[in-house]
Asker: 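Input: one structure, supplied below.
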Amino acid sequence: IRWIYFADYLKCVKNEYRIENYIHGGEFVVLTNRSLTDDSKSLMNLIDRMREHDIAALGINEGQISDKLMSYCTEHDLPLFELPELFPLIDLSQIMCQRLVLEENDRNSAEQLLSSILDAEYLDRDKVFAQARVLNIDLAGSFTVVEFAFLQADEADRDYLAAGQRLRSITGTNVMVMLQTGSMIALIPVEHVDDSQMKEILNRIVDRAERECGTELIAGVGNATGYLEDVKLSRNEAAAAIKIARACGIL
């Protein structure tokens, strides 16, 4: 979930309502207006259009969820939440927004930590491990750096940040990532992963990015290392792998 969106006002069902002006992917959409939820045809049409823009979940008041809606959400793997009428929506909004802000702060801190590992002239291991413990990140073991780059340059120009945010969620919660123009750097633990398993993992990430985000990616992989000081070398190898593949016409 990226944000919360209240879609109760009747403008939502008018023909001139443009979903793309309000839905940008990852929203928890709240629908509680009975004039809309009791109109099954209008409701399903609206949800169908919102789903095309990758909403994350639906919240609808108790007593307003039909069997048809439940079947639709099950069929399309769309999470559906029943909201108690006695629970004020302003409280729901406050709780979700506070949680999202905290999560974003943690992501930004993790990204800054990865940046310090990759770019520092001198790596202060004690400081890095102390920051990692605060963020509940395990830096023990071996790691490899993977660079996920956009296959088409115009994809990066179009909205690389939004796509990068989606890619960050796809890679998993135990992976540190850093967004940069046109690509994303990921520090992936490989303590118990062999080369064939790594290839399978990366193929799944690339396939999911294309399927869910409409983004074509290529992945360059650096050598694994158990020393944080050598992580920047793995990063350089990952970038070089992409450059070589492009130059050789492999992609």
Side-chain angles (χ1 to χ4, degrees), residues 1-14 16-111 135-136 159-175 177 179 184 205 208-209 211-215:
I1 294 174
R2 185 184 59 82
W3 202 243
I4 186 169
Y5 175 60
F6 294 93
D8 273 344
Y9 60 101
L10 296 181
K11 183 180 176 182
C12 292
V13 299
K14 295 183 178 179
E16 63 268 23
Y17 176 74
R18 297 178 62 84
I19 293 288
E20 61 272 19
N21 291 341
Y22 303 91
I23 301 295
H24 306 291
E27 288 86 357
F28 178 87
V29 175
V30 175
L31 289 162
T32 61
N33 192 319
R34 276 201 172 275
S35 62
L36 180 59
T37 57
D38 287 349
D39 186 340
S40 179
K41 183 178 180 180
S42 295
L43 177 65
M44 300 308 298
N45 178 61
L46 177 63
I47 294 174
D48 203 43
R49 291 163 60 201
M50 288 182 169
R51 192 178 60 82
E52 292 177 359
H53 292 274
D54 299 320
I55 60 173
L58 282 175
I60 294 182
N61 275 347
E62 55 187 344
Q64 296 177 235
I65 298 177
S66 66
D67 292 340
K68 183 178 180 179
L69 177 58
M70 291 179 63
S71 298
Y72 176 92
C73 291
T74 300
E75 178 184 353
H76 295 285
D77 295 322
L78 181 63
L80 175 63
F81 294 86
E82 186 176 53
L83 307 177
E85 289 191 15
L86 296 180
F87 187 79
L89 291 181
I90 187 64
D91 291 347
L92 172 65
S93 177
Q94 183 178 20
I95 291 170
M96 291 189 66
C97 291
Q98 287 178 340
R99 179 62 182 269
L100 289 170
V101 168
L102 289 174
E103 289 182 353
E104 183 63 24
N105 287 338
D106 286 345
R107 283 194 295 265
N108 290 338
S109 297
E111 188 167 319
L135 296 171
N136 199 29
D159 196 357
Y160 97 90
L161 183 59
Q165 297 283 6
R166 297 293 303 281
L167 295 179
R168 185 159 56 179
S169 65
I170 287 174
T171 54
T173 56
N174 63 332
V175 175
V177 300
L179 300 180
M184 180 183 73
I205 291 174
R208 187 177 170 190
R211 183 176 66 254
E212 297 185 11
C213 306
T215 301

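In what follows, residues are counted from 1 in the order of the sequence shown.
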Asker: Could you tell me if the side chain of Leu69 sits less than 4.5 Å from the side chain of Asp67, heavy atoms only?
Answerer: no

Asker: Does CZ belonging to Arg34 count more than 12 external heavy atoms closer than 6.0 Å?
Answerer: yes

Asker: To the nearest 0.5 Å, what is the distance between CE on Met96 and CH2 on Trp3?
Answerer: 9.5 Å

Asker: Can you tell if the side chain of Pro79 reaches within under 4.5 Å of the side chain of Leu58, non-hydrogen atoms only?
Answerer: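 Not in contact.
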
Asker: With side chains defined as the heavy atoms from C-beta onward, is the minimum distance between Leu43 and Asp38 less than 4.5 Å?
Answerer: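 No - every pair of side-chain heavy atoms lies 4.5 Å or more apart.
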
Asker: Please determine whether the number of non-hydrogen atoms from other residues, nucleotides or ligands lying under 6.0 Å from atom CE of Met44 exceeds 12.
Answerer: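 Counting other residues, nucleotides and ligands, CE of Met44 exceeds 12 neighbours.
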
Asker: Output yes when a side-chain donor or acceptor of Gln64 lies under 3.5 Å from a complementary backbone atom of Thr32, and no otherwise.
Answerer: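 Yes; at least one donor-acceptor contact below 3.5 Å.
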
Asker: Who are the salt bridge (Lys or Arg N to Asp or Glu O under 4.0 Å) partners of Asp39, not counting sequence neighbours?
Answerer: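 Checked Asp39 against salt bridge (Lys or Arg N to Asp or Glu O under 4.0 Å); zero matches.
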
Asker: Could you tell me if the side chain of Asp48 sits less than 4.5 Å from the side chain of Arg51, heavy atoms only?
Answerer: yes

Asker: Side-chain contact, heavy-atom cut-off 4.5 Å: Glu82 with Ile60?
Answerer: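 No, every pair of side-chain atoms sits at 4.5 Å or beyond.
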
Asker: With a 4.5 Å limit on heavy-atom distance, are the side chains of Val29 and Ile4 in contact?
Answerer: no

Asker: Tell me whether the count of non-hydrogen atoms from other residues, nucleotides or ligands lying under 6.0 Å of CG in Asn105 goes above 12.
Answerer: yes

Asker: Is Leu80 close to Ile65 at the side-chain level, that is, under 4.5 Å between some pair of heavy atoms?
Answerer: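 The answer is yes, as the side chains (C-beta and beyond) meet within the 4.5 Å cut-off.
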
Asker: Treating Ser93 as the side-chain partner and Leu89 as the backbone partner, does any N or O pair qualify as donor plus acceptor under 3.5 Å?
Answerer: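 Pair absent, no side-chain N/O of Ser93 close to backbone of Leu89.
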
Asker: To the nearest 0.5 Å, tell me how far Ile55 CD1 sits from Arg2 CZ.
Answerer: 12.0 Å

Asker: Ring pair (Phe, Tyr, Trp, His ring centres under 6.0 Å): which pairs involve residues 80-108, sequence neighbours left out?
Answerer: Phe28-Phe81

Asker: Start with the C-alpha gap between Asn61 and Thr37, add the side-chain angles, then the distance that decides, and say whether side-chain contact (heavy atoms from CB on, under 4.5 Å) holds.
Answerer: CA-CA 9 Å; Asn61 275 347; Thr37 57; over 6 Å; no

Asker: Would one find more than 12 heavy atoms of other residues, nucleotides or ligands at under 6.0 Å from atom CG of Leu102?
Answerer: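 Yes.
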
Asker: Nearest 0.5 Å, please: how far is CG in Leu135 from CG in Asn108?
Answerer: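 If we round to the nearest 0.5 Å, Asn108:CG and Leu135:CG are 10.5 Å apart.
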
Asker: For Leu31 versus Ala7, what's the shortest heavy-atom pair and its separation?
Answerer: CD2-O, 3.1 Å

Asker: Indicate yes or no: at least one non-hydrogen side-chain atom of Glu27 is less than 4.5 angstrom from one of Ile1.
Answerer: no

Asker: Taking all non-hydrogen atoms of both residues, which atom of Pro88 and which atom of Leu86 are closest, and how far apart?
Answerer: CD-O, 3.3 Å

